[in-house]
Amino acid sequence: DNTIDLGLIETQPEHPEIQAIPFMKDHLCTILPTDHPLSSQRWLTLSQLARYPFLMREKGSGTRALFDRFIERHHLDIHTAWEATCPETFRSAILDNECLAVISVRLLERDIRDGQIRIYNVNTDEFERSFSLVRHKDKVPTISMDTIRDIVNRYQQPDWLAKIPVGTL
């Protein structure tokens, strides 16, 4: 109904009245605590991951849908120990309960940089996703909307990630 100026979404809008402006690519990583039995390995196999409990995003989230498709494509039998929506819950479950998770590195930057969490990337584009700003197609951009667009356009690949040792799946 054209009451919201600007939104941020992970998927492409299906409504013909909504215009999407892509601004950022993101990728998910498999993460685990550095004291986990697997964390000393540089490469992990999917069958190794399947032996451990996973913390999952809630059903209906884009992250969960992406990981569910990955699980299905690779015929994995993943044990879901928890479902959560909050990054702090993910942090606690990973660090205190040795759970594994697949989420964006942006959510746990501090713990990754501090060496408490190890990350593993998939060698394919299966964990890549895009974010877009959305607005009604008839919405006239304001200075505030342009400012927000400029801010999110600067939020690309985290610079600090290049300095972090990353394992491979």
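The figures that follow rest on heavy atoms only: side chains count, while hydrogens, waters and symmetry mates do not.
- At least one side-chain heavy atom of P33 sits under 4.5 Å from a side-chain heavy atom of I94.
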Under the criterion side chain to side chain contact (heavy atoms under 4.5 Å, CB included), I'd like the reasoning laid out for V166 against Y120: C-alpha separation, chi angles, the key distance, then a yes or no.
CA-CA 6 Å; V166 177; Y120 289 84; 5.8 Å; no
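- The shortest distance between side-chain heavy atoms of I71 and M56 falls below 4.5 Å.
- Interatomic distance, CD1 of I103 versus OG of S61, reported as 11.0 Å (0.5 Å rounding).
- Every residue was checked against the salt bridge (Lys or Arg N to Asp or Glu O under 4.0 Å) condition with E14, not counting sequence neighbours, and none meets it.
- Between R113 and R110, the closest side-chain pair of non-hydrogen atoms is not below 4.5 Å.
- To the nearest 0.5 Å, the span separating CG on D114 from CD on E109 amounts to 9.5 Å.
- You'll find the side chain of K59 reaches within 4.5 Å of the side chain of E83, heavy atoms only.
- No chain of hydrophobic side-chain contacts below 4.5 Å, direct or via other Ile, Leu, Val, Met, Phe, Trp or Tyr residues, connects F131 to I18.
- A 4.5 Å side-chain heavy-atom check between R135 and D5 finds every atom pair outside the cut-off.
- The aromatic rings of F70 and F67 sit parallel, their planes meeting at an angle under 30°, below the 60° perpendicular limit.
- When every heavy atom of R118 is checked against every heavy atom of S39, the shortest pair comes out as NE-O, 2.8 Å.
- Within the 3.5 Å criterion, the main-chain N or O of E17 finds a donor-acceptor partner in the side chain of H15.
- The hydrophobic cluster containing M24 also contains I21, counting ILVMFWY residues as joined when their side-chain heavy atoms lie under 4.5 angstrom apart, directly or transitively.
- Between S130 and K25, the shortest heavy-atom distance links the atoms OG-NZ, 3.3 Å.
- For the pair I31/L100, no side-chain contact is recorded, criterion being any heavy-atom separation below 4.5 Å from C-beta on.
- Residues V134 and L8 do not share a hydrophobic cluster, clusters being chains of Ile/Leu/Val/Met/Phe/Trp/Tyr side chains in contact below 4.5 Å.
- Without hydrogens or angle criteria, S92 side chain to T89 main chain gives no donor-acceptor distance under 3.5 Å.
- K139 has its side chain within reach of M145: a pair of non-hydrogen atoms, C-beta onward, lies under 4.5 Å apart.
- Donor-acceptor pairing under 3.5 Å is recorded for the side chains of T63 and R129.
- Every ring pair (Phe, Tyr, Trp, His ring centres under 6.0 Å) that H36 has, sequence neighbours left out, goes to Y52.
- Residues I78 and A50 come closest through the heavy atom pair CD1-CA, 4.1 Å.
- In this structure, CG in D138 is found 10.0 Å from CD in Q19, a value given to the nearest 0.5 Å.
- Classification of E126 and R69 as a salt-bridged pair fails, no side-chain N sitting under 4.0 Å from a carboxylate O.
- By the neighbour-count criterion of 12 heavy atoms within 6.0 Å, atom CZ of R73 is densely surrounded, having more than that number from other residues, nucleotides or ligands.
- L76 and L49 fall within the same hydrophobic cluster, where Ile, Leu, Val, Met, Phe, Trp and Tyr residues are linked whenever their side-chain heavy atoms come under 4.5 Å apart, directly or through other members.
- Between the side chains of S144 and T142, not a single donor N or O lies within less than 3.5 Å of an accepting N or O.
- At distances below 3.5 Å, not a single donor-acceptor pair connects side-chain atoms of T34 with backbone N or O atoms of I117.
- A 4.5 Å side-chain heavy-atom check between R91 and L108 finds at least one atom pair inside the cut-off.
- Here OG of S132 is found 7.5 Å from CZ of F23. Values are rounded to the nearest 0.5 Å.
- No side-chain donor-acceptor contact under 3.5 Å links Q41 to the backbone of L38.
- Cluster note: I143 groups with no other residue, as no ILVMFWY side-chain heavy atom lies under 4.5 Å from it.
- E72 contributes atom CD, which lies 8.5 Å from atom NE2 of H75 (distance to the nearest 0.5 angstrom).
- In this model, a donor atom of one side chain and an acceptor atom of the other lie less than 3.5 Å apart for S104 and D26.
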How far apart are the C-alpha atoms of T168 and R42, what are their side-chain angles, what is the distance that settles it, and do they pass the side chain to side chain contact (heavy atoms under 4.5 Å, CB included) test?
CA-CA 6 Å; T168 306; R42 184 156 187 219; 5.7 Å; no
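- Atom CG in L95 sits 8.0 Å away from atom CG in D35 (nearest 0.5 Å).
- A donor-acceptor pair under 3.5 Å is formed between the side chain of R64 and the backbone N or O of R57.
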